[in-house]
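I have placed the structure first, in the form of structure tokens, so that the comments after it can refer back to it.
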Amino acid sequence: MTEHVEATQPKERAPRDAIPPAIVIAFIVVAIVVICAFFGGSIAPDSPFTQRLEIGDTPPSAEFPAGTDLLGRDVLSRVIHGAWTALIGPVVVAAGAFAIATVLGLLSGYLGGVVDSGIMRWVDFMLALPGPLVAIVVVGVVGGGYWTAVAVLIILFTAPDTRIVRSAVLEQRPRPYIDAARALGVSKTRILFVHILPNVLPIILAYVVLDFAFALVNLAGLSFLGLGVEPGTPDWGRMLFENRTILFTNPVALLLPAAMVILTAVSMNLIGDWLFARFTRQ
Amino acid sequence: MTAKSLLTVRGLAITAAGRAITTGTNLEIARGETIAIVGESGSGKSLTAKAIARLLPPGVSATGQVSYDGIDLLALPEREMQQIRGRRLSLMLQDPFTMLNPLMKSGLHIAEMLRDRPEFRDRAALNGEVARRLTEVGITDPDVAERMPFQLSGGMSQRIALAAALARDPELLIADEPSTALDVTTQAEIIKLLKRVQQSRGMGLVLITHNLRLAFSTCDRIYVLYAGSLLEVGSARAVEADPFHPYTLGLLLSEPPADKRVPKLIAIRGKVPRADEVAGRCAFADRCDWTKDACRAAAPALAELAPGRLTACIRRREIAAEMQALRGSALAAASPSAAPDSATRPIVRAASLVKDFAGRAGRVVQALKGVSIEVRPGESVGLVGESGSGKTTLGRILVGLETPTSGRIDIGGFDASDFSAMTSAERAATRRIIQMVFQDPYSTLNPRHSVRRSLTEAIGTIGRFPRSEIDARIAELLREVGLPEYYAERRPSSLSGGERQRVAIARALSVKPKILVCDEPVSALDVSVQAQILNLFKRLKLELGLSYLFITHDLAVVRQIAERIYVLYLGEVVEHGSAEDVISRPQHPYTKRLIDSIPR
């Protein structure tokens, strides 16, 4: 029989590109933040709450590597404990926005028609709102601090993510493998979640990482304005606000949390960009 | 020949990321001569053209010698190379739709090339020249120069691209698959035009193509490239009469003849390898019927066996008689197409189908204007037409992917005019009668699902089965389409185009349908693989008693498969009848044009 297919060697995998050094550093920064967030209690040299009003703010010394703040609290310990609110809020925002946006984007992109128009007009409306301002107003009026801010950010971030998911779905929808599944009578839900979702997931995940970075900066900003965490909580944004008056006696108390916000956000951005480039190249 | 040689390529080896693409190609073309580089995908033919013009993409490099009229092109500084491109050597690319700048009026593409000439400083002179150039490529309507590329048809764009490539009056034009992306009838026009321009200007022409027949009908000499190695060189007439290399013979025999129906095409087995997979041996050894150990021992060099005839086959002298016998038997074989049995009830009957699409600015575009067709059990019906004829829309309507605006469809006794109006049991039953095979093998399978997963899902649509039964059925399906059982664990990315199309056929067969709608199932495949898949369709028809609705633009393909043909033109059936009658005695002018455009 001439129409017989020769056994072919499985193709060797293309050698994985080496991870660029900047991305390695970004991963290290994120790893440090994660470790601090979960094991802060055992790492930190001191309790973040112990006040030493008698010494007040002091510059870095052997006893306090990053000095103390106005109430004599150890700045280094507060920064280490601050990793928790820096991590948990953005994670919840990114995961929440991702989950809602994926469902909305899949429905919008695959079903089209009225569903699509409805969801997209809502997205347009949300994109027209000045995000940070809305967050300030809602948290200021409703109260509830940190977690209200997280909830508001989830809703704000869902809108642009929905668009991204939808456009990725629109790209898959006309492919013959979707048509073939339809011709076989595969159900809509199955086509959406078994055929389309796995093919758009990598792109969505790359955007989720970026969401994390934006949420971190936004939450830190709200805390700085006094709209985030409760007063007294060790939080990087809050520390910027509390320690702004001691810039000249102990600059580290201000610069260290600021540096952490920037480093973490930049690292996540780099990782997100890198993931995106990796996934879209294929 | 060497005395007035215009372009001489010696040992041109192209590598990309350490991987060989071609291994030392030698080419020669004299002034006013036409040569063809014939090869399948992965042969390195396009990159060879780009290497000559020094337009290789980043990461791809070439070594060797390219001497153009005595100038060593590969050693030339980029500035001087710029002076050569366009003026002395011009390149014309395959896809007419991406070749023109979408923001530039079509006339501007030609004016751009003329700008640096002092005699065309004057605007009127420049416009006059542009008009004259357009006339040369057969565009007499002066309005065309003012149109944007998106307003032009494929053939028109290709003409503009040709005029732009010719604007600086090159002595050599390299045309890379200039007609492949176009409709059949337009293809013939563009090739005729190229040939006419080449002759009237006495220009050298390198035609790069996968189509051996096209090369024979247009070119003086043929270079057959396979997986990066030249396998055969010779004058078109001599190669056509008696190919020296088994690969060339295989290509010739794989191409379905348009003038008759053969019981089985003689296919080359296996698939096209990558150049680096076959380094150090005959590139064709794994697929050749005459391979001996010596073929695998070393890469054979091109040797001159007759004046001007080179072949890389070291066994040519021993096997010449066998090759000729094979060719003779293939040419003699012909089987009449069985007369359709008109007594049986059609399995698919569509009556006065109309499909409207919303066009631009609220206008309605009619894709189908009252089309009626029938397919009887066990019958293969060809649906022939060009892009825009509505043939794909018709196929999609029949399997329920689109709903017709009006008209009636009966599939195996069910009223399938509107799939969404059927009960789910009826819909499921209809889908067990009719299934579809799609054109593009690269996106017909979900890239994230293994073959087993795709087939399991398809089998699951007709009911719940125990694991063991599903596995047995998958093994059976793979066997039916000629794939080894262990392919079940493969993902689409590790399959070749032909293998993917086999899996797609297996998926369609998994619900045991009675009729397959095949939308251009072989047009995206290499010629040697095309014949394998056509043979598979023929075998499945015999073994499973399948019917086909074979949608294609290729009359030669349809001749091999179909007993009856419908010719679709602008949404209407303009002719139908037995395959024999329609192809041998076409009645409608459009059918005649289609048949005339087959290169011979």
Side-chain angles (χ1 to χ4, degrees), chain A residues 1-18 102 106 110-114 116-117 168-205 278-282, chain B residues 264-271 277 286-287 396 399-401 424 427-428 430-432 434-441 443-449 454 457-458 460-462 481-484 486-487 490 492-496 498-499 502 504 507-508 510-511 517 519 531-533 535-536 539:
Chain A
M1 187 165 291
T2 23
E3 50 155 277
H4 140 90
V5 174
E6 296 245 318
T8 44
Q9 303 298 318
K11 266 187 201 144
E12 56 198 290
R13 283 212 168 172
R16 284 234 163 136
D17 303 330
T102 302
L106 280 172
Y110 187 73
L111 296 180
V114 187
D116 184 31
S117 307
V169 172
L170 287 179
E171 204 192 315
Q172 298 293 325
R173 199 190 179 307
R175 304 241 166 136
Y177 75 85
I178 302 294
D179 279 343
R182 287 174 63 207
L184 280 164
V186 176
S187 73
K188 261 182 197 158
T189 339
R190 206 178 146 79
I191 289 179
L192 273 177
F193 290 98
V194 178
H195 285 277
I196 296 182
L197 183 58
N199 281 297
V200 299
L201 209 53
I203 295 174
I204 305 177
L205 282 177
R278 249 182 94 102
F279 289 139
T280 47
R281 206 169 14 151
Q282 290 166 356
Chain B
K264 186 173 177 184
L265 292 161
I266 301 187
I268 307 176
R269 63 169 182 270
K271 58 185 179 191
E277 289 169 351
D286 287 344
R287 305 177 70 190
R396 291 173 61 86
V399 295
L401 293 173
S424 63
R427 197 159 49 221
T430 310
R431 284 185 167 135
R432 259 171 271 160
I434 190 162
Q435 275 300 317
M436 189 158 182
V437 174
F438 297 85
Q439 172 174 15
D440 180 6
S443 51
T444 192
L445 301 173
N446 189 331
R448 297 202 165 251
H449 289 182
S454 288
E457 178 177 58
T461 58
I462 51 173
V481 297
L483 287 173
Y486 63 84
Y487 266 54
R490 294 267 175 101
S493 58
S494 65
L495 302 179
S496 70
E499 287 164 352
R502 284 173 196 266
R507 178 180 57 193
S510 61
V511 298
V517 176
D519 187 3
Q532 294 173 6
I533 300 292
N535 282 340
L536 172 64
R539 180 165 63 79

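Any value given below was found using the heavy atoms of this structure, including those in side chains, with hydrogens, waters and symmetry copies removed. The sequence lines fix the lettering, A, B, ..., with proteins before strands; numbering per chain opens at 1. All values derive from a computational prediction rather than experimental measurement.
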What option among B:Asp519, B:Val517, B:Leu445, B:Val399 has the most heavy-atom pairs under 4.5 Å with chain A? B:Leu445

Sequence neighbours left out, what passes side chain to side chain donor-acceptor pair (under 3.5 Å) with B:Asn446? Give chain and number order. A:His195, A:Asn199

So what's closer than 4.5 Å to chain B heavy atoms on A:Pro202: side chain, backbone, both or neither? side chain

Need one label for B:Arg396: side chain, backbone, both or neither, based on atoms under 4.5 Å from any heavy atom in chain A. side chain

Heavy-atom nearest pair, B:Ala458 first then A:Leu184, reads CB-CD1, 3.6 Å

Exercise: identify the closest heavy-atom pair between A:Ala180 and B:Arg507: CB-NH2, 3.1 Å

By a 4.5 Å heavy-atom criterion (distance strictly below it), what part of B:Leu401 contacts chain A: side chain, backbone, both, or neither? both

Which atom names give the shortest non-hydrogen contact between A:Val194 and B:His449, and what distance separates them? O-NE2, 3.1 Å

Over all heavy atoms of both residues, which pair between A:Tyr177 and B:Pro447 is shortest? Give the atoms and the distance, please. CE2-CD, 3.9 Å

In short, B:Ser443 meets A:Arg175 closest at the heavy-atom pair CB-CD, 4.0 Å

For B:Arg427, check side chain to side chain donor-acceptor pair (under 3.5 Å) against everything at least two apart and list the hits. none

Would you mind reporting whether A:Asp179 and B:Met436 have side-chain heavy atoms less than 4.5 Å apart? no

